[in-house]
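Take a look at the structure below.
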Amino acid sequence: MCSNLVRCLGDGNTSLQKLATSIVFFFCLSDVSCNSVEQKIYVELNNTVPCVRLLNATHQIGCQSSISGDTGVIHVLESEADLEWPLSKGPNPPYMVLLESSLFTRSIMMKMKNESNRVAGVAVVVPNTSPPEFSPHTTCPNENTGVYSDNYGPNLAHCNTTVWNPRGNGLSYEEFDFPVFSLKEDNETEFIKQCYLDHNRAVNGSAPQYPLCAMQLFSHMHAVTNTPTCMRRNDINFSINPEMVCDPLGDYNVWGSIRPYNDTVFGHKENESVVIAAARLDSRAFFWEVSTGAEGSVSGFVTLLAAAQALREVTHAAPPTRNILFAFFQGETFDYIGSSRMVYDMENGKFVIDLDNIHSVLEIGQVKNLVNNLQSSTAGLGFLLVEPNVSQPLPPSSLQRFLRAQPIPGIVLADHESAFNNRYYESFYDNAANLNLTYPSDLSPEEQLEFVTDTAKSLTDVATVVARALYKQAGGDESLVNTIKADPKIVTQMLYGFLVSSNNSWFQAVMAPELKNILKPSPPEYYVGVAMSSTPTRLVQYLLANLTGAATNLTQSQCMYSYLWVQGIVPPNSTERDSFCVRASVRLTKAVSPAFELGEYASKDYSTWTESRWKFIKARIFLVASRDLEMLTLGVGVAVLFTSLLVTYFISTKADVLFSSTREPASAAY
């Protein structure tokens with residue numbers, strides 16, 4: 001384009017051409033360099049995760065920035081006593097506080113919250129090693145939404161008898177008016193710290209000199225106040241494309257049964273008795289989508305999957321008199337979204353069975369009715385099941401939502417008699433290391449997938465007990481109980497896939513071709529979110545189908561309805577996968593709170609949690625000049641602008657003189 005413009009001017013005066021060429025060259029050069037100006041000013045931070053805003057019927061929690069982002073001078077917090085600088089003493093507020101995870105405590109965060117006019121935001125450096133303990137959840141998870149209330153068991157409600165999560169500091173349920181981001185302990189974090197040391201560190205208590213190193217965080221949330229307010233705003237349609245400001249939390253529950261049900265026929269089944277085996281799929285953390293939930297959820301649903309696989313052969317050879325339904329609930333962290341939805345569907349004739357068909361419930365995640373069966377099922381195994389020696393409430397569990405609707409015999413299996421043993425309940429530290437899932441350093445990823453860890457051996461024993469207890473509870477043949485055994489190889493493969501890397505050969509083989517892209521070299525995230533059919537949901541769906549179903553000879557075009565087409569393995573000396581069709585009675589049903597179907601956004605009976613929408617999430621650092629220099633730069637810029645306008649005006653008014661050409665008079669012709 002630039003060369004064409006110069007060429008067009010080439011027929012004019014030589015001086016004008018030179019002037020025009022210089023001007024065009026300047027603008028062309030500017031066009032090339034403008035794209036890199038922002039890159040020269042800002043350093044973008046890529047490995048960041050924000051805290052986002054969540055809302056329920058009464059209030060909002062989480063964090064957000066202003067609409068244009070929040071900017072502050074970086075201050076690296078070295079101890080709680082060091083808070084004096086950003087909160088009162090520092091001369092350059094507001095400050096962007098960078099702190100190590102050991103200082104990410106309720107005491108420090110609440111002090112900064114109370115002085116939010118001097119704090120622009122917080123960046124938490126998450127180390128590669130875990131602290132002794134950390135739980136940002138409350139001390140009483142899912143309070144007021146289980147079976148206990150002021151009307152039923154008031155002495156057991158509100159954790160009056162047992163504080164289940166004594167380590168909980170409640171940070172996940174606080175509201176912060178500034179953005180809070182997490183940073184990985186990597187080169188980016190070291191660069192930020194070095195920038196602070198070079199420009200911001202006070203020497204002998206004196207104020208640092210400009211320029212100062214600053215950080216800008218963008219995480220503006222659209223929703224405010226509470227769920228009724230944001231859902232009402234969603235319903236206001238003033239444009240062709242109305243802007244949604246929040247979405248209900250939800251996903252799908254996964255369920256399957258040893259004897260299939262017609263999933264188009266709902267309601268009560270005559271002469272049908274069902275034992276439900278349940279586990280939850282989700283977890284959460286303070287920061288958005290970094291919840292690994294190893295002990296909190298993965299250990300439970302992996303055990304149930306292994307138990308389901310252990311029951312496949314014996315239930316085909318000698319079917320028990322009662323059916324067994326395996327249920328994996330989503331959204332349980334947020335007031336039992338998945339289980340309350342299944343109970344609601346059962347009560348309203350929208351599920352394949354109803355509450356009257358339920359014989360009992362066994363949940364992996366502690367009680368009375370089934371203890372005898374379980375204790376007699378531990379024969380030959382390396383542990384003993386213990387019944388609590390005092391009367392105490394049920395721990396937070398999906399069973400509570402069933403009991404809230406109807407008295408049903410049930411038990412919850414857990415590794416704690418009272419308070420949780422989990423030191424990292426609902427935090428980003430509840431990872432593979434928390435389950436002691438370790439591998440020899442010389443193993444390849446494929447060898448790690450096959451390596452049977454001590455954790456896998458322990459969970460295999462638990463899965464065996466669960467499978468035997470379920471078979472006995474369902475009225476199975478007593479003489480076959482001790483033949484039921486879970487497979488440690490399958491357990492270790494599931495632990496590797498769910499906690500180390502989902503993109504492994506076994507997960508690839510059991511997934512559908514169109515879902516292969518959800519497999520990543522990292523573990524899945526277990527936050528329920530708002531995107532239906534999350535990675536954990538799909539993985540559990542296909543694993544349950546493969547572990548309880550049967551391979552068929554159907555082609556891919558015939559593989560429909562109650563069938564799933566999976567990729568299969570790559571045979572030796574081949575590059576093509578040996579795909580096949582699996583027949584299994586595995587289904588997905590909605591795990592969205594009934595409150596949103598009923599339009600009761602302020603419901604006290606069902607979960608009302610929503611997640612705010614946002615435009616973009618971004619973090620960057622840069623050097624900021626002093627206020628005086630900024631004003632001087634502005635003044636010089638304004639002066640240059642007016643000078644250029646005057647020069648332009650002068651050249652325009654004198655153009656006929658400046659750009660006139662002197663020509664010889666034409667020769668007269670006679």
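Just so it is clear, the values below take in all heavy atoms, side chains as well, and ignore hydrogens, waters and symmetry mates.
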What is the distance from atom [atom1] of [X] to atom [atom2] of [Y], rounded to the nearest 0.5 Å?
| X | Y | atom1 | atom2 | value |
| --- | --- | --- | --- | --- |
| Arg312 | Leu547 | CZ | CG | 7.0 Å |
| Asn323 | Thr315 | CG | OG1 | 9.5 Å |
| Arg538 | Tyr252 | CZ | OH | 8.0 Å |

Using a distance-only test with no angle check, is there a side-chain donor-acceptor pair under 3.5 angstrom linking [X] and [Y]?
| X | Y | value |
| --- | --- | --- |
| Ser418 | Thr162 | no |
| Tyr526 | Gln330 | no |
| Gln406 | Asp356 | yes |
| Ser339 | Glu332 | yes |
| Thr229 | Asn226 | yes |
| Tyr606 | Asp335 | no |
| Gln64 | Trp614 | no |
| Thr333 | Asp282 | yes |
| His158 | Asn144 | yes |
| Asn434 | Glu295 | yes |

Are [Y] and [X] an aromatic pair, judged by ring center distance below 6.0 Å?
| X | Y | result |
| --- | --- | --- |
| Phe596 | Trp609 | no |
| Phe301 | Phe498 | yes |
| Tyr425 | Phe420 | yes |

| query | So does Lys489 have more than 12 non-hydrogen atoms from other groups sitting under 6.0 Å from NZ? | reply |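 Open: at most 12 neighbouring heavy atoms sit under 6.0 Å from NZ of Lys489.
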| query | Is a side-chain donor or acceptor of Asp251 paired with a backbone partner of Ser534 at a separation under 3.5 angstrom? | reply |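 It does hold such a pair.
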| request: Determine yes or no for a side-chain-to-main-chain donor-acceptor pair under 3.5 angstrom, with Thr455 supplying the side chain and Leu435 the backbone. | output: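 Side chain of Thr455 to backbone of Leu435, a donor-acceptor pair under 3.5 Å: yes, one is there.
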| Are any of the side-chain nitrogens in Glu426 or Arg280 under 4.0 Å away from the carboxylate oxygens of its partner? |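 Answer for the salt bridge query: yes.
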| message | Check this for me: does any side-chain nitrogen of one of Glu597 and Arg341 sit under 4.0 Å from a carboxylate oxygen of the other? | response |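 Yes, charged N to carboxylate O under 4.0 Å.
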| Cation-aromatic face contact Lys350/Phe266, 6.0 Å, 45 degrees |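 Judged by the rule, Lys350 and Phe266 form no cation-pi pair.
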| field | Over-ring placement of Arg106 relative to Phe286, 6.0 Å and 45° cut-offs | value |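 No cation-pi geometry.
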| said: Do Pro536 and Phe328 have side chains that approach each other closer than 4.5 Å (heavy atoms only, starting at C-beta)? | reply: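 No. Closest side-chain heavy atoms not under 4.5 Å.
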| query | Is there side-chain contact between Arg587 and Tyr261, with at least one heavy-atom pair below 4.5 Å? | reply |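 A side-chain contact is absent here, since even the closest heavy-atom pair is not under 4.5 Å.
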| said: Walk me through whether Asn503 and Ser501 qualify under side chain to side chain donor-acceptor pair (under 3.5 Å). | reply: CA-CA 5 Å; Asn503 192 15; Ser501 171; 6.0 Å; no
